[in-house]
Amino acid sequence: MSVVTRFAPSPTGFLHLGGARTALFNWLYARHTGGKYLLRIEDTDRKRSTPEAINAILDGLEWLGLSPDETPVYQFSRRERHAEVAAQLLEHGHAYRCYCTPEELAEMRQKAKTEKRSVRYDGTWRDRDPADAPEGIEPVVRFRAPRSGKTIIKDAVQGTVTIDNSDLDDLIMLRADGTPTYMLSVVVDDYDMRVTHAIRGDDHLTNAFRQTQIFQAMDWQPPIFAHIPLIHGPDGTKLSKRHGALGIEAYREMGYLPEAMLNYLCRLGWSHGDDEFFSMDEASSWFEIADVNKGASRIDFDKLTNLNAKYIDASPNERLLNLIAPDIEKRTGKPLNDETRRRLSEGMNSLKQRAQKVSELIDNSLFYCVSRPLDYSEKATRNFDYASRSRLSSLLPKFAAVDDWTQDVLEKLVKSHIEDTGEKLGEIAQPLRIALTGTTVSPGIFEIAAVLGKEETIGRIEDAIAPP
RNA sequence: GACCCCAUCGUCUAGAGGCCUAGGACACCACUCUUUCACAGUGGAGACACGGGUUCGACUCCCGUUGGGGUCGCCA
């Protein structure tokens with residue numbers, strides 16, 4: 001039987017890192033086995049599901065390259081089928097109507113809490129004569145869960161997990177308004193979609209028991225469950241907004257590359273020996289659920305950033321150029337012309353080597369794109385003193401006399417210049433850097449001068465030594 | 001509180017009883033390279049939570065303790 005996996009987010013917020021990794025593992029496993037990877041939007045909670053969230057999830061997945069193999073299934077659109085299954089369950093005595101009001105249930109929970117008992121539905125209506133039904137109250141439909149015995153799950157990650165049925169209560173399958181709840185919908189949809197492997201967060205482990213019971217009541221074969229450990233925040237608790245947990249699109253905006261995100265997420269809870277830096281093609285050929293760890297892992301932004309730097313460095317210049325172009329145009333307020341494009345692509349090799357994020361690449365590339373006179377950074381202004389000015393003045397005529405304007409020639413020229421003057425290289429290189437870039441940090445200064453061209457270089461030096 | 005799960009450097013992890021003097025990556029600290037910042041390279045510091053078993057031999061298996069996490073909604 002061919003593998004079918006699914007990612008089943010509820011559209012109540014953005015696609016966060018945990019969700020992205022769950023999607024990734026499902027994708028990876030489907031790719032590894034030559035199976036299918038599906039997406040199901042679990043929007044049965046009409047109050048909290050939003051179209052914005054759906055878009056955020058779809059866009060996020062697309063950015064990561066984790067779009068589903070088939071058109072997404074919207075769970076709410078299948079509500080009639082869910083209700084039909086509930087009716088069947090009702091008919092066969094696997095479910096019953098419960099007339100408790102939400103207020104009564106809240107009271108029940110409160111009481112259980114104060115008496116320090118476990119908080120479960122007490123089964124008031126489980127065996128009660130439906131004739132007792134109070135007037136004017138729309139009932140919910142509850143699953144008649146087995147009261148004794150055990151439910152066992154053979155989880156592909158967690159191993160065999162057993163729970164006493166007495167620890168579970170009768171969950172609600174149909175709300176008072178007749179709409180299905182998550183617990184029922186998941187079972188029906190996983191069955192109807194022929195899902196073979198439900199790879200999802202560890203926080204669903206308890207649900208898996210309830211769902212298994214429903215599968216059993218319907219006499220359906222449940223999928224193989226694989227409960228992957230959660231991603232925790234730096235403090236070791238479930239990742240949440242409190243940790244500044246953001247949607248995947250925020251990472252995109254911060255300047256992370258999708259392949260870096262993927263590579264990083266992949267290494268959280270899964271590993272293949274000592275491999276750290278690898279493509280998703282490699283990962284999918286290696287990916288076995290058995291290699292997924294059981295313990296939760298914490299997010300480590302330093303490592304993500306480090307990986308991102310590696311991916312930026314490994315990216316083709318053309319791609320980076322296209323990536324940064326829109327932002328650069330926004331920052332300079334003018335479209336990128338051929339000359340700036342040329343400069344950027346010639347300078348990109350050194351530029352990309354020192355950027356950890358795309359946003360940094362943009363910052364550091366800007367000096368190639370702005371027109372004279374340059375704005376100097378505060379530090380640059382502070383470090384550009386009288387001596388700097390006079391050093392550049394004495395170098396300027398030599399630059400002006402150069403015909404063969406190459407990095408090599410310029411470097412030799414400056415080196416012989418300092419032999420004449422007795423200056424240290426840094427004493428001339430740093431002012432030159434400020435003149436050419438407006439900053440104190442940049443790629444090699446001779447490369448920059450070469451890329452900038454003779455006219456622009458000389459112009460920038462003249463700007464720098466001109467009286468303020 | 002009840003139930004379930006987990007436990008190797010600060011973090012992510014390798015480790016399937018002898019291969020372990022516990023390996024790699026990030027971060028950290030030195031040094032090298034060097035015109036700045038990076039990159040790169042070399043080296044360093046840094047962990048098997050604890051206690052019992054089992055075994056000739058436990059990071060690896062079993063039990064307990066401790067610690068951490070998750071779940072207990074007409075949310076998903």
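Residue numbers begin at 1 in each chain, while the letters A, B, ... track the order of the sequences. Bear in mind the structure is a predicted one, so any value in this text is a computation, not a measurement.
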Rounded off to whole Å, could you give me the [atom1]-to-[atom2] distance for the [X] and [N] pair?
X: L304(A); N: C26(B); atom1: CG; atom2: P; answer: 14 Å
X: F301(A); N: U11(B); atom1: CZ; atom2: P; answer: 16 Å
X: L307(A); N: G24(B); atom1: CG; atom2: P; answer: 18 Å
X: H232(A); N: C5(B); atom1: NE2; atom2: P; answer: 16 Å
X: N165(A); N: C4(B); atom1: CG; atom2: C1'; answer: 14 Å
X: L436(A); N: C37(B); atom1: CG; atom2: P; answer: 18 Å
X: F7(A); N: A76(B); atom1: CZ; atom2: C1'; answer: 12 Å
X: D302(A); N: C28(B); atom1: CG; atom2: P; answer: 7 Å

Taking the basic N atoms (NZ, or NE/NH1/NH2) and the acidic carboxylate oxygens, is any pair closer than 4.0 Å for [X] and [Y]?
X: R382(A); Y: E378(A); answer: yes
X: D45(A); Y: R48(A); answer: yes
X: E276(A); Y: K303(A); answer: yes

Answer with base, sugar-phosphate or nothing: what part of the nucleic acid does [X] contact at a heavy-atom distance below 4.0 Å?
X: K310(A); value: sugar-phosphate
X: P443(A); value: base
X: T179(A); value: nothing
X: F446(A); value: base
X: Q158(A); value: sugar-phosphate
X: T12(A); value: nothing
X: C100(A); value: base
X: I445(A); value: base

When both hydrogen-bonding distances must be under 3.5 Å and the geometry is Watson-Crick or G-U wobble, what is [N] paired with, if anything?
N: A47(B); result: none
N: A2(B); result: U71(B)
N: C31(B); result: G41(B)
N: C59(B); result: none
N: G10(B); result: C26(B)

Measuring centre to centre across the rings, with the benzene-like ring taken for any Trp, is [X] within less than 6.0 Å of [Y]?
X: Y96(A); Y: F143(A); answer: no
X: H82(A); Y: Y182(A); answer: no
X: F25(A); Y: F287(A); answer: yes

N/O contacts under 3.5 Å, protein versus nucleotides 12-16 of chain B?
from, atom 1, to, atom 2, distance (Å)
C12(B), OP1, R298(A), N, 2.9
C12(B), O2', R267(A), O, 2.8
C12(B), O2, K303(A), NZ, 3.1
U13(B), OP1, G269(A), N, 2.3
U13(B), O3', S271(A), OG, 3.0
A14(B), OP1, S271(A), OG, 2.8
A14(B), OP1, N293(A), ND2, 3.4

Between [N] and [M], how many Å separate the two [atom1] atoms, rounded to a whole number?
N: U42(B); M: U36(B); atom1: C1'; result: 23 Å
N: A38(B); M: G1(B); atom1: P; result: 49 Å
N: G46(B); M: U32(B); atom1: C1'; result: 23 Å
N: C9(B); M: G23(B); atom1: P; result: 14 Å
N: G73(B); M: U13(B); atom1: C1'; result: 37 Å
N: C56(B); M: A49(B); atom1: P; result: 25 Å
N: G52(B); M: A58(B); atom1: C1'; result: 14 Å
N: U8(B); M: G15(B); atom1: P; result: 14 Å

What's the closest nucleotide to the [X] side chain, out of [options]?
X: Q430(A); options: U35(B), C4(B), C26(B); result: U35(B)
X: Y182(A); options: A76(B), U35(B), U36(B); result: A76(B)
X: V161(A); options: U35(B), C4(B), C26(B); result: C4(B)

Item to check | From CA spacing to verdict: salt bridge (Lys or Arg N to Asp or Glu O under 4.0 Å), R389(A), D385(A) | outcome: CA-CA 6 Å; R389(A) 206 165 257 125; D385(A) 54 12; over 6 Å; no
Checklist entry - Within the pair T44(A) and A76(B), is there a side-chain N or O less than 4.0 Å away from OP1 or OP2? => result yes
Checklist entry - Does CG in D375(A) sit with more than 12 non-hydrogen atoms of other residues, nucleotides or ligands closer than 6.0 Å? => result no
Item to check | Most 5' of P139(A) and S442(A) on RNA chain B, judged by nearest nucleotide | outcome: S442(A)
Checklist entry - If you find the nucleotide of RNA chain B closest to P9(A) and the one closest to R354(A), which residue's nucleotide is nearer the 5' end? => result R354(A)
Checklist entry - Does the ring of F76(A) carry R46(A) above it, NZ/CZ under 6.0 angstrom from centre and within 45° of its axis? => result yes
Checklist entry - Looking at Y121(A), is R142(A) sitting on its ring face, NZ or CZ under 6.0 Å from the six-membered ring centre and within 45 degrees of the normal? => result yes
Checklist entry - Do Y311(A) and F277(A) pass the ring pair (Phe, Tyr, Trp, His ring centres under 6.0 Å) test, and can you show the C-alpha distance, the side-chain angles, and the key distance before you say yes or no? => result CA-CA 9 Å; Y311(A) 276 99; F277(A) 186 68; 4.6 Å; yes
Checklist entry - Does I152(A) reach the side chain of T160(A), with side-chain heavy atoms less than 4.5 Å apart? => result yes
Please write out the pairs of protein N or O atoms and N or O atoms of nucleotides 71-73 of chain B separated by less than 3.5 Å, giving the distance to one decimal.
from, atom 1, to, atom 2, distance (Å)
U71(B), OP1, K238(A), NZ, 2.7
C72(B), O2', V119(A), O, 2.9

Checklist entry - In terms of the angle between their ring planes, are H227(A) and F225(A) parallel, tilted or perpendicular, with boundaries placed at 30° and 60°? => result parallel
